[in-house]
Amino acid sequence: MGHVLEKVLADVVSRWFRLQGDEVRFQIGTDEHGVKIQRAAEAEGITPKELVDRNVPLFEDLYKKLGISYDVFIRTTDQKKHWPTVQELWKKLNEAGKLEKQSYTGLYCSGCERFMTKKDLEDGKCVNHKKEPEEVTEENYFFTLSADGENLKNLLTKNWDGEEYRIIPQSRENETLALIDQGLEDVSFSRPKTSLEWGIPVPGDDDHTMYVWCDALTNYISGLGYFTDHEESEWWDDANVTHVIGKDIARFHALIWPAMLKYAGVRIPDSLVIHGFLTSEGEKMSKSLGNVVVPSEVLEKFKGNPDPLRFYLSHEVPVGRDGDFSWDRIIKLYDSKMRNDLGNLLNRVLVLINKEGGELGDRGASSDLLCDGWKAYEESLNNFKLEDGLALAMDITSKCNQYIDEKKPWGLEGDEKIVVLSELAEALRHISLMLLPFVPHTAERMLNQLGLKVPETLEGKTDWGSEKDWQKVGEPEILFEPLE
RNA sequence: CGCGGGGUGGAGCAGUCUGGUAGCUCGCGAGGCUCAUAACCUCGAGGUCGCAGGUUCAAAUCCUGCCCCCGCAACCA
């Protein structure tokens, strides 16, 4: 479910950029290396490659069902697309003098065949094997991040050689700055092949395998073929680059990644959007609690329509904060907001207009039905306050419902009636457009019912009455069915 | 003194930076409307804003101390 929150967030942002007329390249990917995968595969008696090859189509299928409009899916096991860039990046960091061999000492449990962290130990003993791990020292390549505290602080607060990097939300930036003040440590960038086999080999040193950071972070530019003959670097160098990630990997994206890029001579991205985690019914999702919510169950509940889930995540989980998934609340939200407020509004307006023959009249020059209007909406989305943008669309919806009751168009006659209904139809056009990034399928159905085409961009569409050729609405149709 | 988030009417939240009549959604009660998906609209009940001190003419908001809850990095398909 965590993946879904992230992909929906990134998808809404991508769709918003596209609607503004930007060319967008929306890339997602999977980190498929590491000891964990290696072990999981062993446990199933298959190779790591077989394991990840089996899982990737499941992801892709899920994203398709959710309407995630990604352009590129990059896999870290892709030896043609991913590996060459990573190895080239490694060489550049090495040439820049940022990689050095250091010895790493940790507590190693021979039973688990891996290093233990504090969390894995109870009274100093391995939880699984009830014995004290031994101190083992191994040689790793380290990325000398400790030298860059000041640089990174400047990057976030002022600039680093003219480059800026913006973290959203602000609280994460504060956290990152606090982390820098505590002093940065060098980061292990490789493991001996004996302890990590499943990964990308270190160039020029066959005894070592790259650790996750150099490998996985680089996917952003390997997807563009950076440092290769199929380079499409214009999507990076000349673009506005936004990363959307979870808080678990925030510090790596906030600190290691920009430093890596800087020393490799590649520009640093513009924005880092960090989302929180989802709990389930107020508790951490875990197998043992049995409260894991599977996205496919939610899709099934709404007959395969991804929009209730997309709406819920966008509406209930402010970007950057932790959220909660609750069946009770998604159902309430579906009934009260989507079905009663929005779906019913569309229906009552279209029914009234169709009773008059479906023809639209004068919509006036402007209307206060739009509440804070497009300016506020654009500002919200541009600042990644997606929930505010969606709330605005719902404010207009509510305003329209009030307006109908106030004007009582069913009691009006002739032009007066047509004008009120045309105003409402126009307001619904704006609502539909505002919903386009969030619930694209629903927004398209609304536009179709209104008798409009789905626009590629919003250019020239956001002024009141800007659809000059729009004279007739279509047939009403239930937007959201009752549940059960 | 590890770090972070939080404690506001029955539930979920906003408001706290930049003190000044405590707001929203859901639920509940009453009324209205009848175009519509038994949907919509209006009004109302309900909170000493975790606790205790302090600053101030004035504190949910600032300061000090304390208590409690939740995360700490998700394979969970």
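Numbered from 1 within each chain, the chains take letters A, B, ... in sequence-line order.
Checking B:rC13, B:rC26, B:rU37 against every side-chain atom of A:S336, the shortest atom distance belongs to B:rC26. You'll find that the side chain of A:N401 is closest to B:rC40, out of B:rA14, B:rU37, B:rC40.
Taking a 4.0 Å limit (strictly below) on heavy-atom distances, residues 244-261 of chain A reaches RNA chain B at A:K247, A:D248. Proximity of residues 405-413 of chain A to RNA chain B (heavy atom under 4.0 angstrom from any strand atom) is restricted to A:D405, A:W410. Residues of residues 342-353 of chain A that place a heavy atom closer than 4.0 Å to RNA chain B, in numerical order, are A:G343, A:N344, A:N347, A:R348, A:V351, A:L352. If you check residues 325-334 of chain A against RNA chain B, the residues with a heavy atom closer than 4.0 Å are A:R329, A:K332, listed by number.
Evaluation of the salt bridge (Lys or Arg N to Asp or Glu O under 4.0 Å) test over residues 376-386 of chain A, restricted to residues two or more places apart or in two chains, returns none. Screening residues 149-159 of chain A for salt bridge (Lys or Arg N to Asp or Glu O under 4.0 Å) gives A:K153-A:D181 as the qualifying pairs, with residues at least two apart or on separate chains. Legend: side-chain hydrogen bond (donor to acceptor under 3.5 Å, both in side chains) pairs involving residues 51-60 of chain A, not counting sequence neighbours, sorted by first then second residue: A:E44-A:R54, A:K49-A:D53, A:D53-A:R75. Identified under the salt bridge (Lys or Arg N to Asp or Glu O under 4.0 Å) test for residues 426-440 of chain A, with sequence neighbours left out: A:E426-A:R429.
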Would you give me the side-chain donor-acceptor pairs under 3.5 Å for residues 305-320 of chain A, sequence neighbours excluded?
| unit_1 | atom_1 | unit_2 | atom_2 | d |
| --- | --- | --- | --- | --- |
| A:N305 | OD1 | A:D307 | N | 2.9 |
| A:D307 | OD2 | A:H441 | N | 3.4 |
| A:D307 | OD2 | A:T442 | N | 2.7 |
| A:D307 | OD2 | A:T442 | OG1 | 2.7 |
| A:R310 | NE | A:F438 | O | 2.8 |
| A:R310 | NH1 | A:D11 | OD2 | 2.8 |
| A:R310 | NH1 | A:L66 | O | 2.9 |
| A:R310 | NH1 | A:G67 | O | 3.2 |
| A:R310 | NH2 | A:D11 | OD2 | 2.6 |
| A:R310 | NH2 | A:P437 | O | 3.2 |
| A:R310 | NH2 | A:F438 | O | 3.4 |
| A:Y312 | OH | A:D324 | O | 2.7 |
| A:Y312 | OH | A:S326 | N | 3.3 |
| A:S314 | OG | A:R310 | O | 2.8 |
| A:E316 | OE1 | A:R329 | NH1 | 2.8 |

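Residues satisfying the ring-ring contact (aromatic ring centres under 6.0 Å, His included) test with A:Y165, not counting sequence neighbours, are none. Evaluation of the ring-ring contact (aromatic ring centres under 6.0 Å, His included) rule for A:W470 yields no partner, not counting sequence neighbours.
A:D395 has no carboxylate O lying under 4.0 Å from a charged side-chain N of A:K399, or vice versa, which leaves the two without a salt bridge. A salt bridge does not link A:E42 with A:R39: none of the charged nitrogens is closer than 4.0 Å to a carboxylate oxygen.
Between A:H243 and A:W257, the ring-plane angle classifies as tilted under the 30° and 60° cut-offs.
With contacts defined as side-chain heavy-atom distances shorter than 4.5 Å, the pair A:M260/A:L217 qualifies.
Stems are defined here as 3 or more consecutive Watson-Crick or G-U wobble pairs with pairing distances under 3.5 Å; those involving RNA chain B are B:2-7 with B:67-72, B:10-13 with B:23-26, B:28-32 with B:40-44, B:50-54 with B:62-66.
Among all heavy-atom pairs drawn from A:V4 and A:P295, the shortest one is CG2-CG, 3.4 Å.
Taking the six-membered ring for Trp and the full ring otherwise, A:Y220 and A:H253 have centroids separated by under 6.0 Å.
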